[in-house]
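Here is the naming used below: chain letters follow the sequence lines, and residue numbers restart at 1 for every chain. As the structure is a computational prediction, the values presented were derived from the model and not from experiment. Excluded from the calculations below are hydrogen atoms, water molecules and symmetry mates; all remaining heavy atoms, backbone and side chain alike, are included.
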Protein chains: 2
Amino acid sequence: MTSCLHCKRRSEIFESLSEEELERVDMCRVSMHYNAGEIIFKQGSPCYDFVCVTSGLVKLYIEGENDRRLIIGFAKPVDYIFVPGAYVDKRHHFSAVACEETSACLVEADIIQNMVRTNQNFANSFIRKISTQAIGLFEQIASLTHKQIPGRMADTLIYLSGKVYSSNPFSTNLTRQDLADISGMTKESAIRVLKTFKEDDLIRIDGNLIEIINLPMLETISRNG
Amino acid sequence: MTSCLHCKRRSEIFESLSEEELERVDMCRVSMHYNAGEIIFKQGSPCYDFVCVTSGLVKLYIEGENDRRLIIGFAKPVDYIFVPGAYVDKRHHFSAVACEETSACLVEADIIQNMVRTNQNFANSFIRKISTQAIGLFEQIASLTHKQIPGRMADTLIYLSGKVYSSNPFSTNLTRQDLADISGMTKESAIRVLKTFKEDDLIRIDGNLIEIINLPMLETISRNG
DNA sequence: ACATTTGATTGACTTATATCACCCTTGCCG
DNA sequence: CGGCAAGGGTGATATAAGTCAATCAAATGT
């Protein structure tokens, strides 16, 4: 249990904090461990804490009416989860669930918000982070509304390999349902496209391992919708 | 051409600026006028300016691949348009077009970003604004992906009456194509749902005037997808 | 006054995708 | 060991929604 001061796995946003500020963060920090499938916070619940993922992987999703879900992103080491409700209505607007064994540090939201007020550089990193997230949302919303199933699944695979796991092949324990929830389709449709992708030698799937073997073609499919 | 100092139509975010700061904003301010349909800025172009709408109405939309569009929001008096690219890649990630005769003040983005750095209250309002926009995007993304046409159009009508025009009935010169672009459907589908809504006495349309006459029922349709 | 464009509307048709029902495998637990 | 739950996979079918094509009305330009 190191202090934030010497933490090797701390989010880059904390670089702009002084030692004194880091200590203040450290003082009200709680280190947590979650098993795969455990809820970190749930949509609609009040938000007290700022969550920083130190190991594992967390999926962030919106729960719709008729128990449909849409995964809007992932938080991996070392990301903090930006909770827009913290500045608006003190409620969570999406849920966070551990996809695998996950550790996270929780810090009181007030402390962080206070530092955003007093430390300009911190505020700037913070805004940059939110902006990046907003841009990601634009891309996802465009993909989901303008493309059909093959294009959406291509986007999902490229996103996972490029942004989430940063490797190819990548080992994942996301279920087909999860892949479907990222791509805005049903589990069955996800299974079917993946099958055609395999048949066309665009990807290879072996258990938890997914490999993109024809990225250019996948990108073409993404572009054509 | 009043100065920002005594401007009656200035965005609430400027409340947190000092007189001296307001004067600095005023000095590099350009007042612009746009006719209906004119582009204020286009997706992909570099972003130099911070845009604040003082009269009229502006639609913000993402341009997808095969010239499909998705309207992600509106800017009305007195909103400023948050441009996430300003903090990331200095590019616009959506386009802005005047829906009607529109006036706007342009301020150099650098000046604003500088004030975000130096004025804590300004930074805080700024973050609150971004957060609110992000929450709105979540709602839209959930509506678009989880609901079918009647639910989506119900959401659109409720949104326009409640958030954009803040009146019922409301007079609009959005085209059917625009309504479709908000709701993520084709023009033809938009026309057809609106027809069924009219037949079921949920709404009344007379030229540019749209009236919601059975809001509870529309809300039910929205909830059931 | 006529021609041209733009948006609204409708109907017929096609297709993408969800739904449903079912089976298979694997791992886990009593 | 046997049964059960969870995830993966498949086929048949239904249907929501897009596409295409044509018409009509209003607005605009010449």
(request) Using whole Å, report how far CG of B:Leu144 lies from C1' of D:dA17. (result) 15 Å
(message) Using 30° and 60° as the class boundaries, would you call the ring planes of B:Phe14 and B:Phe50 parallel, tilted or perpendicular?
(response) perpendicular
(request) Please tell me which of the listed nucleotides, D:dG7, D:dG11, D:dA17, lies nearest to the side chain of B:Ser189? (result) D:dA17
(message) Rounding to an integer number of Å, can you tell me how far A:Asn173 CG sits from D:dG7 P?
(response) 11 Å
(message) More than 12 heavy atoms of other residues, nucleotides or ligands under 6.0 Å from NZ of B:Lys163: yes or no?
(response) no
(request) From the options D:dA16, D:dG7, D:dG18, select the nucleotide whose nearest atom is closest to the side chain of B:Gln148. (result) D:dA16
(request) Find the distance A:His146:NE2 to D:dT19:C1' and express it as a whole number of Å. (result) 17 Å
(request) Starting from P on D:dG7, measure out to CD1 on A:Ile205 and report it in whole angstrom. (result) 17 Å
(request) Please list, chain by chain and in numerical order, all residues satisfying ring pair (Phe, Tyr, Trp, His ring centres under 6.0 Å) with A:Phe138, sequence neighbours excluded. (result) B:Phe94
(message) Between B:Phe197 and B:Leu218, is there a side-chain heavy-atom distance shorter than 4.5 Å?
(response) yes
(message) Whether A:Lys42 and A:Glu63 form a salt bridge (side-chain N of Lys/Arg under 4.0 Å from carboxylate O of Asp/Glu) is what I want to check.
(response) yes
(request) Check DNA chain C against residues 94-102 of chain A and give the residues with a non-hydrogen atom under 4.0 Å, in numerical order. (result) none
(request) Tell me whether the guanidinium CZ or amine NZ of B:Lys129 lies under 6.0 angstrom from the six-membered ring centre of B:Phe82 and within 45° of its axis. (result) no
(request) Would you check if there is a donor-acceptor pair between the side chains of A:Asp155 and A:Ser143 at a distance under 3.5 Å? (result) yes
(message) Using a heavy-atom cut-off of 4.0 Å across all strands, would you classify A:Ile149 as base, sugar-phosphate, or nothing?
(response) sugar-phosphate
(message) Using heavy-atom distances to pick each residue's nearest nucleotide on DNA chain C, tell me which of A:Arg68 and A:Lys187 is more 5'.
(response) A:Arg68
(message) For D:dG18 and B:Thr186 - does any side-chain N or O of the residue sit under 4.0 Å from the phosphate oxygens OP1/OP2?
(response) yes
(request) Among the candidates D:dG9, D:dG18, D:dA12, find the nucleotide nearest to the side-chain atoms of A:Arg176. (result) D:dG9
(request) Classify the side-chain pair B:His33/B:Glu101 by whether it contains a donor and acceptor separated by less than 3.5 Å. (result) yes
(request) Provide the start and end nucleotides, 5' to 3', of the part of DNA chain C that has atoms under 4.0 Å from heavy atoms of chain A. (result) C:dA16 to C:dC20
(message) Closer than 4.0 angstrom, basic N to acidic O: yes or no for B:Asp178 and B:Arg69?
(response) yes
(message) What is the distance, to the nearest angstrom, from the CD1 atom on B:Ile191 to the P atom on D:dT19?
(response) 14 Å
(request) Look at the side chain of B:Arg192 and the base of D:dG18, then say whether one donor and one acceptor between them are separated by less than 3.5 Å. (result) no
